[in-house]
Amino acid sequence: MTFQDQLNAIKSSAEVELNKVADLQGLETWERQYLGSKGELTALLKQLGSLTAEERPAAGRAANAVKVELTAEFEERRTTLAAAAADQHLVEDAVDVTLPGRPQIEGVAHPVSQMIRELSDIFALMGFQTVFGPEVETGRYNFDLLNIPSDHPARDVWDTMIIDSDHEEIVLRTHTSPMQARVMEQTNPPVRVIVPGRAYRYEAQDASHEWMFHQLEGLAVDETITLTDLKGVLQELARQLFGPRRRIRFRCDYFPFVEPGVDFAVDCAICDGKGCRVCKYSGWLEMGGAGMVHPSVLEGVGYDSERYTGFAFGLGVERLAMIRYGIPDIRVLFENDPRFLAQF
Ligand code: PHE
């Protein structure tokens, strides 16, 4: 066999074998067999020396050309195989993003919190800002500034929980009304705020009474506020909460910090005022107390009661939540039983 024949044989067998190589490991073996220092082509190149001087240059060029060609084919094959290996990896390690996720256990806001958020939204549309105040209060804010001096019998109405204190009178606020004075002390009219929050009273628990409950206070003070503004705001509240057909009712009531004072009710949305279990067959749902801010309260915070008037109201939040969600007993709201809470 001539040198050229041998070269051709190596080239064609190398190319056939290269085509059969299936992975990078096989490619390494191939490289060693043909191009490596102990490979077939290198062995052939070593025989160049045994050729005649005339034959040698052409043979050398031919052998080199084959080496360059095989090396290029080897590189190309390596690129293809490396890409295939990477693809294989991707397939094997793939994450199926189309699989449905595992459901997360998600909490929900407590029905009382949901109610407060809904009320804040409704009042925000009427221009009321939501503010919060302390639950541990001084007697001054809970009573005195609300026109309930310490010798006043109305002080007993609130079944106050008292915090031991050596100097000042400290109580758990019995209503959210102390924030009326706190807000007015810190701002000049016009005032339009609502104050949701907890209130505490030492009283016997039953289906509609808890020693801790939530109120939502409302206060508006400006130059020309009248009782009709109060009525309009509460009427709008009733419509937003219970629908466009609702009517509201005012009856005289007494709270030392308003004059005149009223209790207000909405006609029952469930029976349309005809009478049912929810409204205890009265046709009306009691919502809370309200009235025109007493001049003494305005004067107490430094407002000119000749120039400014205002209205205030206090809603029972649990009661609204109970009506809204059909909850028969206030006590279940605070037992923290997940079987109850998960329903909202
Ligand atoms: N603070 C009163 C209560 O708890 C309710 C109320 C608020 C009445 C505002 C009039 C004005 O009973």
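Order of listing sets the numbers, starting from 1, for every ligand and every atom in it. Just so we're clear, the structure is a prediction, and the values are computed from it rather than from any experiment.
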Asker: Check for me whether G288 has a heavy atom closer than 4.0 Å to any atom of ligand 1.
Answerer: no
Asker: Will you find, in the side chains of E185 and Y141, an N or O donor that is under 3.5 Å from an N or O acceptor?
Answerer: yes
Asker: Taking distance alone, with no angle check, do T174 and ligand 1 share an N/O pair under 3.5 Å?
Answerer: no
Asker: Are the charged groups of K11 and E15 less than 4.0 angstrom apart, N to O?
Answerer: yes
Asker: Which pair of non-hydrogen atoms, one from M184 and one from L298, has the smallest distance, and what is that distance?
Answerer: SD-CD2, 3.9 Å
Asker: Below 4.0 angstrom from a heavy atom of F257, which ligand 1 atoms are there? Numbered from 1 as shown, please.
Answerer: 1 (N), 2 (C), 6 (C), 7 (C), 8 (C), 9 (C), 10 (C), 11 (C)
Asker: Hey, does the side chain of D229 reach the backbone of T226 with a donor-acceptor pair shorter than 3.5 angstrom?
Answerer: yes
Asker: State the atoms of ligand 1, each with its element, that fall below the 4.0 Å cut-off from a heavy-atom position in Q180.
Answerer: 9 (C)
Asker: Counting only heavy atoms, tell me which of H294, R201, M292 gets closest to atom 4 (O) of ligand 1.
Answerer: R201
Asker: Under a 3.5 Å threshold, yes or no: a donor from one side chain and an acceptor from the other, between Q180 and E217?
Answerer: yes
Asker: Looking only at heavy atoms, is any part of A290 under 4.0 Å from ligand 1, and if so is it the side chain, the backbone, or both, or is it neither?
Answerer: backbone
Asker: Among R246, R245, R249, find the one that has a salt bridge (Lys or Arg N to Asp or Glu O under 4.0 Å) with D267.
Answerer: R246
Asker: Kindly state whether the ring of F257 and the ring of H175 have centres lying under 6.0 angstrom apart.
Answerer: yes
Asker: What is the nearest protein non-hydrogen atom to atom 1 (N) of ligand 1, stated with its residue, atom name and distance?
Answerer: S177 OG, 2.8 Å
Asker: Identify, by atom number and element, the atoms of ligand 1 in contact range of E217, meaning under 4.0 Å from any of its heavy atoms.
Answerer: 7 (C), 9 (C)
Asker: Just by distance, no angles: are the side chains of D144 and S150 close enough, under 3.5 Å, to form a donor-acceptor pair?
Answerer: no
Asker: Is G261 close enough to touch ligand 1? Criterion: a residue heavy atom under 4.0 Å from a ligand atom.
Answerer: no
Asker: Which protein heavy atom lies closest to atom 12 (O) of ligand 1, and at what distance to 0.1 Å?
Answerer: F255 CE2, 3.5 Å
Asker: Just which atoms of ligand 1 are under 4.0 Å from any heavy atom in Q215?
Answerer: 3 (C), 4 (O)
